[in-house]
Number of protein chains: 2
Amino acid sequence: MREDTRTKIQDVALELFIEQGYEATSLREIAERLGVTKAALYYHFKTKDDIVLSLAERRLSENEALLTWLKEQPKTPETRAELIRRYGELLLRGDQKDFMRFMERNQTSMRHHPTVLRMREVMFALVDELAEPGDPLTTRIRRSMALFTMHAGVWLSQNDTEHTEDERREAAMEVALDLLER
Amino acid sequence: MREDTRTKIQDVALELFIEQGYEATSLREIAERLGVTKAALYYHFKTKDDIVLSLAERRLSENEALLTWLKEQPKTPETRAELIRRYGELLLRGDQKDFMRFMERNQTSMRHHPTVLRMREVMFALVDELAEPGDPLTTRIRRSMALFTMHAGVWLSQNDTEHTEDERREAAMEVALDLLER
DNA sequence: GTCTATAAGTAGATAGAC
DNA sequence: GTCTATCTACTTATAGAC
């Protein structure tokens with residue numbers, strides 16, 4: 001089962017990268033938590049970067065698909081609302097949520113790598129598509145913050161024990177949708 | 001002029017930490033950009049952490065002062081609007097703004113250090129003071145996002161060449177104030 | 001597929017001259 | 001205050017046995 005170990009490496013690595021940061025996490029730590037040696041990791045991944053990139057590429061293609069879809073739609077309130085919903089669904093999925101937390105906390109890691117650069121580009125393009133040339137600056141900011149609210153919903157209320165994660169996500173969505181057409 | 005070199009070290013270090021990340025930046029790089037040797041840095045700072053902490057302590061006390069002030073005020077719309085204004089002013093000041101960008105990009109660095117932990121606490125407390133126990137979750141999120149919009153204003157429109165930084169800040173403030181009492 | 005062993009390099013930090 | 005020189009402790013990565 002070669003895919004099994006490979007996947008475990010990705011999971012453990014992502015977990016540690018989120019917790020401690022990418023640079024601060026050594027391959028030795030990843031290997032130890034997994035109960036293998038460093039050398040074993042090198043059988044599955046060519047370099048340390050490759051572990052992250054293997055995760056980034058999955059996520060990138062999904063965001064690119066979202067951007068392609070968005071560009072095909074008319075720039076209406078309905079389209080924008082649907083984007084927020086689709087984006088929220090992407091964030092929901094366990095693996096993507098974790099990877100986005102990694103991106104938030106490790107913005108500078110591999111910032112010169114094509115895959116990471118492209119990821120940034122796509123995010124900016126998504127935000128850009130939410131507004132039209134004539135829109136005032138406040139509208140642009142509001143719509144950008146709508147997308148961002150979907151992220152923030154997760155970690156903003158991390159001390160909040162009286163609401164479930166579902167409730168928090170729905171509340172974030174409500175705020176985001178409201179921000180879009182204010 | 002001992003203060004001069006010390007300050008230059010802080011400036012250069014912060015610049016590189018923002019650009020490349022804390023862990024990814026070596027003392028050698030900082031020293032080289034300054035035209036001195038690593039050993040010289042150790043005359044001014046006991047450890048690498050100390051360079052960041054010397055910056056953090058200043059910001060921390062300013063944020064703590066803001067929190068103290070906030071707690072003394074009645075929880076009215078006027079108080080909340082005034083907080084956003086004061087927070088915006090803090091962020092404006094070059095040094096604060098840079099340090100907050102450092103915090104955004106290096107959330108995991110020194111996450112166990114008391115000063116950094118306290119910084120997080122104060123930020124969460126500020127957000128917490130913006131809402132009251134009875135407020136719905138959407139209100140809490142909206143008000144948190146108001147504070148956050150002040151940050152985002154800076155980097156969200158980094159490709160935006162048609163507006164000045166002043167215009168962007170004012171627009172961010174308008175969106176933030178509107179979010180507070182929606 | 002995973003191991004041992006090791007190469008080759010860099011990190012943070014210190015001692016002591018000037 | 002800043003330097004040279006150096007220490008120790010890692011790091012990523014590879015070679016080759018099993």
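Each chain gets a letter, A, B and so on, in the order its sequence line appears, and its residues count up from 1.
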So does [X] get a side-chain nitrogen or oxygen closer than 4.0 Å to the phosphate oxygens (OP1/OP2) of [N]?
X: Thr37(A); N: dT2(C); answer: no
X: Tyr42(A); N: dT14(D); answer: no
X: Thr47(A); N: dT12(D); answer: no

What's the [atom1]-[atom2] distance between [X] and [N], to the nearest Å?
X: Asp50(A); N: dT12(D); atom1: CG; atom2: P; value: 14 Å
X: Leu41(B); N: dA13(C); atom1: CG; atom2: P; value: 11 Å
X: Asp4(B); N: dG1(D); atom1: CG; atom2: C1'; value: 13 Å
X: Phe45(A); N: dT14(D); atom1: CZ; atom2: P; value: 15 Å
X: Tyr43(A); N: dT2(C); atom1: OH; atom2: C1'; value: 10 Å
X: Ile30(A); N: dT11(D); atom1: CD1; atom2: P; value: 11 Å
X: Leu34(A); N: dC3(C); atom1: CG; atom2: P; value: 10 Å
X: Glu32(B); N: dC3(D); atom1: CD; atom2: P; value: 12 Å

Counting the atoms with a prime plus P, OP1 and OP2 as sugar-phosphate, which does Ser26(B) contact under 4.0 Å by heavy atoms, base, sugar-phosphate, or nothing?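 If one applies the 4.0 Å heavy-atom cut-off, Ser26(B) turns out to touch the sugar-phosphate alone, with no base involved.
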Please tell me whether [X] and [Y] have a donor and an acceptor in their side chains that are separated by less than 3.5 angstrom.
X: Gln10(A); Y: Ser54(A); answer: yes
X: Thr25(A); Y: Gln20(A); answer: yes
X: Asn63(A); Y: Arg59(A); answer: yes

Taking every non-hydrogen atom, the tightest pair across Ala24(B) and Glu29(B): O-OE1, 3.5 Å
Per nearest nucleotide of DNA chain D, the residue lying toward the 5' end, Gly35(B) or Lys38(B), is Gly35(B)
First of Arg28(A) and Ala39(A) reached from the 5' end of DNA chain D, by closest nucleotide: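 Final value for this comparison: Arg28(A).
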Angle between ring planes, Tyr22(A) versus Phe102(A), binned at 30° and 60°: parallel, tilted or perpendicular? perpendicular
From C-beta outward on Leu27(A), which listed nucleotide comes closest to its side chain: dT2(C), dA13(D), dG12(C)?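 Comparing dT2(C), dA13(D), dG12(C) against the side chain of Leu27(A), the answer is dA13(D).
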